[in-house]
Amino acid sequence: MRKLLSATAVALVMVAAGPSFAQQSAAIANPANAYREVKDDNVMVPSLKRTVGQLDDMDVLGPDGTKIGEVEEVLMDASGQPVAVVVDVEHGVGIGDKEVIVGLDQLRDDGRTLTTALTNAQLGTLPIWDD
């Protein structure tokens with residue numbers, strides 16, 4: 001009986017955690033080494049309508065408007081297209097001092113700063129940039 005209860009508990013935990021496991025595996029499926037840093041500050045990042053140089057050191061705000069970090073690098077995929085940025089996350093966010101890869105589709109430009117709807121918990125699951 002005890003083994004049946006243990007097996008049931010494990011199964012319930014796995015079912016409940018399924019979405020977070022899926023998010024982690026999606027991040028692993030696109031590893032940080034698949035990206036390269038964009039070296040030319042004049043390259044345009046079409047989705048944000050800014051150049052790489054304009055994005056450098058730009059503040060990134062979380063969903064509540066607090067600063068979570070700033071842009072350190074713009075990353076491109078194998079085809080040379082800008083697809084992500086490296087955000088140097090501040091200590092106050094609660095995930096430690098890390099540089100994480102944030103997809104351009106997760107960012108919005110409000111004219112002065114970049115904003116994301118990603119929560120602190122979600123930021124903690126993003127791939128780490130280790131150059």
Side-chain angles (χ1 to χ4, degrees):
M1 180 71 166
R2 183 173 271 171
K3 286 183 182 180
L4 177 61
L5 288 174
S6 294
T8 302
V10 169
L12 287 173
V13 168
M14 290 184 76
V15 167
S20 64
F21 283 135
Q23 285 177 350
Q24 289 176 354
S25 65
I28 293 168
N30 201 358
N33 62 5
Y35 301 121
R36 294 185 326 249
E37 178 184 344
V38 178
K39 299 282 188 186
D40 183 352
D41 283 348
N42 296 314
V43 169
M44 181 60 74
V45 179
S47 63
L48 297 175
K49 298 180 179 76
R50 290 185 181 263
T51 64
V52 169
Q54 291 170 324
L55 290 170
D56 188 36
D57 294 330
M58 196 169 194
D59 287 344
V60 179
L61 307 181
D64 63 355
T66 59
K67 182 177 175 182
I68 60 169
E70 64 182 40
V71 175
E72 290 298 314
E73 315 286 351
V74 176
L75 304 177
M76 64 181 154
D77 61 12
S79 70
Q81 297 300 311
V83 293
V85 296
V86 175
V87 176
D88 185 9
V89 177
E90 296 185 345
H91 287 289
V93 174
I95 65 168
D97 188 23
K98 296 182 183 179
E99 290 188 339
V100 296
I101 300 172
V102 179
L104 293 177
D105 61 338
Q106 298 294 320
L107 299 168
R108 302 291 173 262
D109 186 344
D110 73 3
R112 294 178 298 117
T113 60
L114 298 176
T115 59
T116 183
L118 295 170
T119 65
N120 291 355
Q122 291 170 318
L123 287 168
T125 66
L126 294 176
I128 295 174
W129 178 251
D130 187 22
D131 57 344

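Values below: all heavy atoms of this structure, side chains included; hydrogens, waters and symmetry mates excluded.
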So which atom in [X] and which in [Y] form the shortest heavy-atom distance, rounded to 0.1 Å?
X    : Y    : result
P82  : M44  : CG-O, 3.9 Å
A117 : P63  : O-CG, 3.8 Å
K67  : L61  : CA-CD2, 3.5 Å
A84  : I101 : CB-CG2, 3.7 Å
R50  : R112 : NH2-N, 4.2 Å

[X] side chain near [Y] side chain, heavy-atom distance below 4.5 Å:
X    : Y    : answer
E72  : D57  : yes
V45  : L104 : yes
T115 : V60  : no
L114 : V71  : yes
L75  : W129 : yes
Q81  : M76  : no
V43  : T51  : no
L126 : L118 : yes

Quiz item: Rounded to the nearest 0.5 Å, how far apart are CD of E70 and CG of L55?
Solution: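 With rounding to 0.5 Å, CD (E70) is 12.0 Å from CG (L55).
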
Quiz item: If you round to the nearest 0.5 Å, how far is OG1 of T116 from CD of Q122?
Solution: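 It comes to 8.0 Å.
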
Quiz item: Could D109 and K49 be called an ion pair, given the rule that one side-chain N must be under 4.0 Å from one carboxylate O?
Solution: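 Salt bridge between D109 and K49, a charged N being under 4.0 Å from a carboxylate O: no.
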
Exercise. Without swapping roles, check the side chain of N120 against the backbone of L123 for a donor-acceptor pair under 3.5 Å.
Key: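 Answer holds: no.
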
Exercise. Spell out, yes or no, whether I68 and M58 are grouped together once hydrophobic residues are joined by side-chain heavy atoms under 4.5 Å, including indirect joins.
Key: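 Yes: a chain of side-chain contacts under 4.5 Å links I68 to M58.
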
Exercise. Decide yes or no on side-chain contact (heavy atoms from CB on, under 4.5 Å) for D56 and D41, but give the supporting numbers first.
Key: CA-CA 9 Å; D56 188 36; D41 283 348; 5.7 Å; no

Quiz item: Taking only residues two or more places apart in sequence or in another chain, which ones pass side chain to side chain donor-acceptor pair (under 3.5 Å) with D64?
Solution: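 T66.
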
